[in-house]
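Convention: sequence-line order gives letters A, B, ...; per-chain numbering from 1. Not measured: the values here are computed from a predicted model.
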Amino acid sequence: MSDALQAPRGTFDVLPEQSALRLTVEVSARKILEAAGYRRIETPAFEDTDVFRRTVGESTDIVQKEMYTLIDGGGRSLTLRPEVTAPIVRAYAEHGMHKLAQPVKLWYLSSCFRYERAQAGRYRQFWQIGAEAIGSEDPAVDAESILLLAAILEELGVRGVRLRLASLGTPASRARYRELLQAHLRAHEDRLAHDVRERIDLNPLRAFDSDHAGTREVMQTAPLLLDHLDAADVEHFATVRALLDASELGYEIDPTLVRGLDYYTRTVFEFTSEALGAQSGVGGGGRYDGLAEQLGAHATPGMGWAAGIERILLAAEERPVPEPVCDLFVAVGGDGAPERTAAFLLAAQARRAGVPAQVELAGRSLKGQFKQAARLRARYVAIVGADGIELKDMENGEQSAVPSPSAVVATVLRGRFET
RNA sequence: GUGGGCGUAGCUCAGCUGGUAGAGCUCCUGGUUGUGGUCCAGGCGGUCGCGGGUUCGAGUCCCGUCGCUCACCCCA
C-alpha cells in the first residue's frame, strides 16, 4: 500500500457516482447558456506561458507561485492553464472571430491547474464552467452574463448565495486611483500589517482584505475606487446595476471587491455561498477590456465568469443521482460454449434494438447471476440454456419459454412501454 | 511554504495499563445437483502508511518521514 501509486496531491478521481452528479451540473449549465446563444469551446490544456504571464499579472499569486510550467522537447515554455479566459481570448484573436457578429458568446467546461495546498473546495486540478462574451462593451452584456450564472446556481440549488458587485473602472482611472491609495497607505504606513506594507507597490488593493486591526482602521478612511471612476465608467456601472435591478437580482455593492487577476476592468462580481468552508467563492468574473491587447491582438472588449464545479457541488443541495438502467440481463444457463455464445449474442442483439442489456461476464453460478441481475435492477432476465431460452419478469416472477432471441427482445421492448 | 487533526481489510470502524489482528458492510461459494434483493453457513481480503528506536515482545510507547484532511496565504 505504502509504495503503491496514488493520485497526485490535490487531485482526485471522479468515480462513477460523482461523475453522474457532475453531469447534472454540465447539463444545467449547458441548457441555460446555450439558450442564451453561448456555444461551447475547448482550448488546449496548456498554452504558451506568456498567455498567462502577460494577462493574469506578474504580481498575482497565480503567476508568482501557482503555475505548472514545463519546458517541452523543443525548448518552449508551456503552462498548464490556471484559468481559461486568457486562452479563449487568444483563440478569439487567433481565429479572427472579430469578423463574426459581436459579441461572440462562448462557454466551456474545462479543468484548470494551480499549484496550491489543497483544502475543502480547492484542488490542484479542478474544473471550471465558464462563459465569455467577447466583442461588445454594452453594459447589457455584463448584466446578462451575471444573470446567467445566477440562473445556473439557482437551478442547481446552490445554498446561501450572495452576489457582490463593483466596478474597477478603466486602466487609466484605476491607475490614478492606485496612486491615491498608495499615498494614503504610505501616510499611515506605521500602522499597517507587515505583509500589507510589502504590497503597497505591487498590489495596494489587497490592503482592503486584511484582518489586521491597524490596517482595518487605516482602510476605514482610505479612498474608494468607486468614488474615483471616470464619468463613462460611472454611467456604464449604473446601467449594469439598473438592468440587474430590473431583473430583480439582489446584490451588494462592495467597493473593496478585488478579483485575483489583473486583467479585469469595469464590472467585477463574485458569488459566494455560506455552505462552503473557507473558500467561499462559488464563481465570479467581470469585464476584461484590455486583455486582448495584452495578448498582442487588436483591442477587444470582453466579459465573462468562471464557476468551480467542485464548489458548486459542495454548496448545492443533495439531489438524487439517476440510476443506470438495465432492462435485460442475460444469464448463462449451462456451462457449454454454445450457451455462452448464444447469451453473448442475445445481449448484443438487444442493445442494437435499443434495449439496455448486460450479459454475465464473471462466470457466476446461476444463483449469483440472479443476484447480479437484482443488483442491476434488471427488469427481465433471459436464461440461455441448452434447451432454449426462458424469460423471467423480475417484477412479478413469471417465467416462460421464449422461441427465439428476437422474441426476447420484442417482449422486453413491450414491457418497457407498459411501465 | 506554515500550523492543527487523522492514517488498522475495498468501505465504516473496534483493538484496554505493550502479549503477536477483529467486527459490520461489500464480493464469491454453498444451503436450493439451473433461479433474485431476506435468512443461515463458509470463504476471499491486512507489509496495522513507511523507516528507525525502546523492549523478551510494538497496531499500541518514542523519533523521523510520507500521505490524507482542515485552516493560514490566495482563489474556482
Side-chain angles (χ1 to χ4, degrees), chain A residues 1-12 15 17 25 56 59-66 81-85 108-130 149 153 158 193 195-196 198-199 203 206 209-211 258-261 270-273 276-285 305-315 329 331-336 339 360 362-388 390-399:
Chain A
M1 277 280 276
S2 63
D3 55 348
L5 292 167
Q6 291 177 270
R9 172 176 248 172
T11 67
F12 53 89
L15 301 178
E17 198 171 300
V25 175
V56 170
S59 68
T60 62
D61 280 3
I62 290 178
V63 170
Q64 286 199 339
K65 54 184 187 187
E66 294 176 4
R81 60 181 169 217
E83 62 106 35
V84 193
T85 302
Y108 60 87
L109 173 50
S110 307
S111 57
C112 296
F113 307 84
R114 294 185 197 170
Y115 183 76
E116 293 183 277
R117 282 290 287 265
Q119 67 188 78
R122 190 173 72 188
Y123 305 94
R124 289 185 172 177
Q125 179 179 8
F126 57 100
W127 274 259
Q128 286 190 334
I129 196 144
L149 179 51
L153 297 180
V158 175
D195 59 321
V196 173
E198 300 264 289
R199 283 195 182 134
N203 197 342
R206 294 268 175 83
D209 297 332
S210 177
D211 293 323
V258 179
R259 304 233 80 238
L261 299 94
E270 181 171 57
F271 284 93
T272 56
S273 167
L276 294 174
Q279 309 305 319
S280 62
V282 194
W305 49 258
I309 300 281
E310 293 77 27
R311 292 192 186 172
I312 287 175
L313 288 171
L314 274 177
F329 183 85
V332 183
D335 48 9
E339 293 97 296
E360 171 60 19
R364 274 179 274 254
S365 67
L366 197 65
K367 174 176 176 171
Q369 295 185 63
F370 270 88
K371 285 193 73 161
Q372 173 67 1
R375 266 194 294 268
L376 298 172
R377 293 177 206 280
R379 176 69 205 282
Y380 291 95
V381 173
I383 306 104
V384 180
D387 311 328
E390 295 196 42
L391 187 63
K392 179 169 182 177
D393 183 327
M394 295 293 275
E395 281 176 19
N396 58 25
E398 287 172 17
Q399 179 173 332

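- For A/K367 and B/G31, a side-chain-to-base donor-acceptor distance below 3.5 Å is present, hydrogens and geometry of angles not being considered.
- Side-chain atoms of A/Q369 stay outside donor-acceptor range of the base of B/U35, with no qualifying N/O pair under 3.5 Å.
- Side-chain atoms of A/Q372 stay outside donor-acceptor range of the base of B/C27, with no qualifying N/O pair under 3.5 Å.
- Residue A/L261 is in sugar-phosphate contact alone, with no base atom involved, counting any heavy-atom pair closer than 4.0 Å across all strands shown.
- Within the nucleic acid shown, A/G121 comes within 4.0 Å of at least one base atom, counting heavy atoms only.
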Collect all protein-nucleotide pairs involving nucleotides 3-6 of chain B in which both atoms are nitrogen or oxygen and the distance is under 3.5 Å.
none

Pull out every protein N or O sitting under 3.5 Å from an N or O of nucleotides 41-43 of chain B, one pair per line with the distance.
none

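- Contact annotation: A/S365 side-chain N/O to B/G30 OP1/OP2 distance is under 4.0 Å.
- The environment of A/R377 atom CZ is sparse: at most 12 non-hydrogen atoms of other residues, nucleotides or ligands sit within 6.0 angstrom.
- No donor-acceptor contact under 3.5 angstrom links the side chains of A/Q125 and A/T11, judged on distance only.
- Atom CZ in A/R9 sits 4.5 Å away from atom CZ in A/R117 (nearest 0.5 Å).
- Consecutive pairing runs in RNA chain B reach the stem threshold at B:1-7 with B:66-72, B:10-13 with B:22-25, B:27-31 with B:39-43, B:49-53 with B:61-65, where a stem means at least three Watson-Crick or G-U wobble pairs with distances under 3.5 Å.
- As rounded to whole Å, 12 Å separates atom P of B/G34 from atom CD of A/E339.
- In terms of polar N and O atoms assigned as donor or acceptor, the side chain of A/K65 never comes within less than 3.5 Å of the base of B/G1 in a complementary pairing.
- Heavy atoms of A/A120 sit under 4.0 angstrom from primed sugar atoms or phosphate atoms, though from no base atom.
- Projected onto RNA chain B by closest heavy-atom contact, A/R122 and A/G284 fall at different nucleotides, the more 5' of which corresponds to A/R122.
- With RNA chain B read from its 5' end, the first of the two nearest nucleotides for A/A278 and A/G283 is the one closest to A/A278.
- Below the 3.5 angstrom threshold, one finds no donor paired with an acceptor across the side chain of A/E270 and the base of B/A76.
- Distances shown here put a side-chain N or O of A/Q119 below 4.0 Å from the OP1 or OP2 atom of B/A71.
- For the pair A/R124 and B/C75, the criterion of a side-chain N or O lying under 4.0 Å from OP1 or OP2 is not met.
- For A/F126 and B/A76, the ring-to-base geometry satisfies the stacking test (centroid distance below 5.5 Å, interplanar angle below 30°).
- Figure legend: cation-pi geometry between A/R124 and A/Y115, with NZ or CZ positioned under 6.0 Å from the six-membered ring centre and within 45° of its axis.
- A/Y115 comes within contact range of the sugar-phosphate backbone alone, with a heavy-atom separation under 4.0 Å but no base atom that close.
- Using a 4.0 Å heavy-atom criterion, one finds that A/R364 contacts the sugar-phosphate atoms exclusively.
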